[in-house]
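The structure appears right after this line, and notes come after that.
FYI, side chains are in, hydrogens and waters are out, and symmetry mates aren't considered; it's all heavy atoms of this structure. Not measured: the values here are computed from a predicted model.
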Amino acid sequence: MSENPNEVGTLTSNSEKPRIGITMGDAAGIGAEITLKALVDKEIQKICFPIIIADADFLLRTARNLDLDIDFENVAIFDVKNLRDEVVYGKDAAHTGKAAAQCIETAVELWRSGRIDAIATAPISKKALALGGYDF
């Protein structure tokens, strides 16, 4: 376990595979489901070391709700702990837009510091981003 309180697992891998930071996307949309279903595909873990940037509690609860069996031994979660309000699926909200943007900002910080090699982002809602105070 990492010493960083945000890391569930470690961001380092024992292999030469690239460390890909994957942001969860909008919690009120399909972002978490797409991210989790991608992790079920063993081919993903053959080509990279996935590091999910998300609210870990929300992500793990979503995995349980979808009855997905994910091998978290080969995946790390960087826990941004930013979804404490209720999430209503299919409804744009300021807190889910802000959370999605914070995941992207965190991914960029991890990349700039050399802790990840690349970034992929699950679907986001531009309307929710705007509600969350992000003018893009």
Side-chain angles (χ1 to χ4, degrees):
M1 187 68 68
S2 169
E3 292 181 23
N4 184 324
N6 291 72
E7 294 172 29
V8 178
T10 179
L11 300 192
T12 58
S13 169
N14 292 333
S15 75
E16 296 297 318
K17 294 185 283 191
R19 296 160 301 166
I20 308 299
I22 304 170
T23 64
M24 183 181 73
D26 193 311
I30 60 172
E33 181 175 350
I34 286 176
T35 301
L36 290 164
K37 286 185 175 179
L39 295 177
V40 173
D41 183 351
K42 298 297 181 198
E43 293 300 311
I44 298 292
Q45 295 175 26
K46 287 180 183 177
I47 61 172
C48 72
F49 181 69
I51 299 166
I52 310 306
I53 300 151
D55 182 287
D57 288 342
F58 180 83
L59 190 70
L60 297 173
R61 188 170 54 251
T62 301
R64 282 192 305 274
N65 291 344
L66 294 171
D67 198 29
L68 295 175
D69 184 25
I70 298 171
D71 178 10
F72 282 103
E73 291 294 317
N74 296 310
V75 176
I77 301 173
F78 191 90
D79 188 1
V80 291
K81 301 177 185 178
N82 62 356
L83 281 172
R84 298 302 175 229
D85 295 332
E86 179 184 5
V87 174
V88 179
Y89 292 100
K91 182 172 168 75
D92 288 314
H95 72 283
T96 61
K98 185 174 181 177
Q102 288 171 338
C103 288
I104 295 169
E105 291 171 341
T106 299
V108 171
E109 289 173 22
L110 291 170
W111 174 78
R112 283 186 177 150
S113 69
R115 299 188 64 206
I116 61 175
D117 300 306
I119 301 169
T121 302
I124 57 173
S125 165
K126 290 179 182 174
K127 182 177 179 182
L129 286 177
L131 290 170
Y134 289 84
D135 186 23
F136 54 92

Can you name the nearest heavy-atom pair linking I124 to G25, along with the distance? CG2-CA, 3.9 Å

Walk me through whether Y89 and E33 qualify under side-chain contact (heavy atoms from CB on, under 4.5 Å). CA-CA 12 Å; Y89 292 100; E33 181 175 350; over 6 Å; no

Side-chain donor or acceptor of R19 paired with backbone N/O of G114 under 3.5 Å: yes

Do the side chain of D55 and the main chain of L83 share a donor and acceptor less than 3.5 angstrom apart? yes

Qualifying residue, where the test is side-chain contact (heavy atoms from CB on, under 4.5 Å) with T62 and the options are L59, L60, L66: L66

With T35 as reference, evaluate I30, I53, T23, I52 under the side-chain contact (heavy atoms from CB on, under 4.5 Å) test and give the passing residue. I52

Check this for me: D41, atom CG, are more than 12 non-hydrogen atoms of other residues, nucleotides or ligands nearer than 6.0 Å? yes

Surrounding CZ of R84 (heavy atoms of other residues, nucleotides or ligands, distance under 6.0 Å), is the total greater than 12? yes

Applying side-chain contact (heavy atoms from CB on, under 4.5 Å) to L39 and L68, what does each step give before you reach the verdict? CA-CA 9 Å; L39 295 177; L68 295 175; over 6 Å; no

Nearest-0.5 Å distance, [atom1] of residue [X] to [atom2] of residue [Y]:
X    : Y    : atom1 : atom2 : result
I51  : I77  : CD1   : CD1   : 11.5 Å
F78  : L110 : CZ    : CG    : 5.0 Å
I119 : T106 : CD1   : OG1   : 10.0 Å
D117 : I20  : CG    : CD1   : 6.0 Å

In residues 95-104, what donor-acceptor pairs under 3.5 Å come from side-chain atoms, sequence neighbours left out?
unit_1, atom_1, unit_2, atom_2, d
H95, NE2, E86, O, 2.8
T96, OG1, D26, OD1, 3.4
T96, OG1, A93, O, 3.1
Q102, OE1, N82, ND2, 3.0

So that I can tick it off, tell me whether K46 and E43 are bridged by a salt bridge, with the cut-off set at under 4.0 angstrom between side-chain N and carboxylate O. yes

Run the salt bridge (Lys or Arg N to Asp or Glu O under 4.0 Å) check on K81 and D57 step by step: do they pass? CA-CA 8 Å; K81 301 177 185 178; D57 288 342; over 6 Å; no

Quick one, V40 with D69, criterion side-chain contact (heavy atoms from CB on, under 4.5 Å). Give me CA distance, side-chain angles, the key distance, then yes/no. CA-CA 7 Å; V40 173; D69 184 25; over 6 Å; no

